[in-house]
Amino acid sequence: SHPNAGVVGPKIRGWSDRELLLEVGVTVTSDGRRWTGLEAGEHDQGQHAEPTRVLSVSSAGMLIRREVWDRLRGLDRAIPMFRDDLDFCWRVNNAGWDVVIAPKAVFWHAEAAARGERRISAGVSRPHFEDRQHALYAVTVNHPGRFPVLTFLRLFFWSLLRAVGLVLN
């Protein structure tokens with residue numbers, strides 16, 4: 001029903017708590033943090049019922065138009081896991097296609113790799129580190145700014161401040 005859709009994703013709920021909303025599309029803050037727009041512990045009560053354009057959907061359950069996959073040459077090999085979906089969907093949006101959530105389609109996700117319950121064969125097997133590193137990469141290469149060096153410097157500065165904050169905690 002959405003002819004310009006290049007990627008369609010489902011509503012994602014939790015594996016253990018089958019009504020817990022994990023994702024109904026994703027966007028990203030300017031410093032690379034994943035943002036779902038959901039409240040912590042939000043349960044699905046039909047409040048996200050309309051198909052909506054979003055920046056990204058999870059690769060878990062993602063449907064991709066073949067023409068889009070071929071034109072963009074699939075997922076970026078520089079991101080073997082975590083945020084590969086964000087990077088791909090961002091490129092889909094930049095290429096003029098839509099990324100859409102189909103909320104009647106529901107997917108239950110165990111998030112085993114992110115929780116450390118499944119060994120990660122791609123990378124250093126440190127989920128939080130991999131996620132953060134790939135987020136910074138995705139923002140740097142896809143940010144619409146005219147000066148990617150400034151984007152990189154801004155991300156570096158905020159990451160440094162974040163590291164200092166984590167050390168002080």
Side-chain angles (χ1 to χ4, degrees), residues 1-14 21-39 42 44 46-111 113-114 120 122-123 127-159 162:
S1 66
H2 197 93
N4 201 43
V7 173
V8 177
K11 179 187 296 186
I12 298 181
R13 294 187 193 158
L21 282 172
L22 298 178
E23 183 180 308
V24 187
V26 173
T27 191
V28 66
T29 63
S30 61
D31 67 345
R33 291 184 195 182
R34 183 177 179 273
W35 189 68
T36 63
L38 300 172
E39 294 181 27
E42 185 174 340
D44 189 4
Q47 67 272 39
H48 303 281
E50 295 299 316
T52 308
R53 286 186 63 205
V54 294
L55 174 63
S56 176
V57 296
S58 174
S59 57
M62 176 191 291
L63 296 176
I64 305 166
R65 187 182 298 256
R66 180 61 189 232
E67 174 186 351
V68 172
W69 178 265
D70 290 343
R71 186 176 302 166
L72 299 179
R73 298 184 180 174
L75 300 173
D76 187 338
R77 292 180 187 263
I79 307 176
M81 183 175 222
F82 300 122
R83 307 297 179 106
D84 52 345
D85 44 15
L86 170 66
D87 173 72
F88 181 74
C89 289
W90 205 330
R91 290 186 291 128
V92 169
N93 279 293
N94 287 342
W97 294 92
D98 293 339
V99 177
V100 181
I101 281 292
K104 289 184 181 177
V106 178
F107 187 91
W108 289 272
H109 196 327
E111 301 178 301
I120 302 169
H128 182 71
F129 174 79
E130 292 283 321
D131 181 59
R132 186 72 187 143
Q133 181 181 20
H134 297 163
L136 294 174
Y137 174 83
V139 170
T140 302
V141 300
N142 292 299
H143 194 271
R146 295 188 319 167
F147 304 105
V149 172
L150 293 178
T151 299
F152 174 78
L153 290 173
R154 181 178 47 81
L155 290 173
F156 177 78
F157 173 73
W158 285 112
S159 295
R162 186 174 182 204

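Because only heavy atoms are used, hydrogens play no part in the values below, and waters and symmetry mates are left out as well, while side chains stay in.
Between Trp97 and Leu72 there is no side-chain heavy-atom pair separated by less than 4.5 Å. Residues Val57 and Ile101 form a side-chain contact, since some pair of their non-hydrogen atoms from C-beta on lies under 4.5 Å apart. In this structure the side chain of Leu75 reaches within 4.5 angstrom of the side chain of Trp69, judged on heavy atoms. A 4.5 Å side-chain heavy-atom check between Asp70 and Arg66 finds at least one atom pair inside the cut-off. Proximity of Leu21 to Gln47: side-chain heavy atoms (C-beta onward) are separated by under 4.5 Å at one or more points.
Side chain of Asn93 to main chain of Leu55: a donor-acceptor pair is present (N/O by atom type, distance under 3.5 Å, no hydrogens or angles). When atom types are taken as modelled, the side chain of Arg65 and the backbone of Asn4 share no donor-acceptor pair closer than 3.5 angstrom.
Of all heavy-atom pairs spanning Ala60 and Pro10, the tightest one is O-CG, 4.1 Å. Heavy-atom minimum distance, Ser1 versus Pro3: O-CD, 3.5 Å. Listed here is the closest heavy atom pair of Asp76 and Arg91: N-NH2, 3.6 Å. Between Val92 and Gly6, the shortest heavy-atom distance links the atoms CG1-CA, 4.4 Å.
The CG atom of Asp85 sits 4.5 Å away from the OG atom of Ser56 when rounded to the nearest 0.5 Å. Within the model, atoms CG of Leu22 and CG of Asp44 stand 10.5 Å from one another, a figure rounded to the nearest 0.5 Å. Distance check, rounded to the nearest 0.5 Å: SG of Cys89 to CG of Asn94 gives 11.0 Å. Annotation: the span from Lys11 atom NZ to Trp108 atom CH2 amounts to 10.0 Å, rounded to 0.5 Å. To the nearest 0.5 Å, atoms CD1 (Ile64) and OG (Ser59) are separated by 8.5 Å.
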Quiz item: Could you walk me through whether His48 and Leu38 pass the side chain to side chain contact (heavy atoms under 4.5 Å, CB included) check?
Solution: CA-CA 10 Å; His48 303 281; Leu38 300 172; 3.4 Å; yes
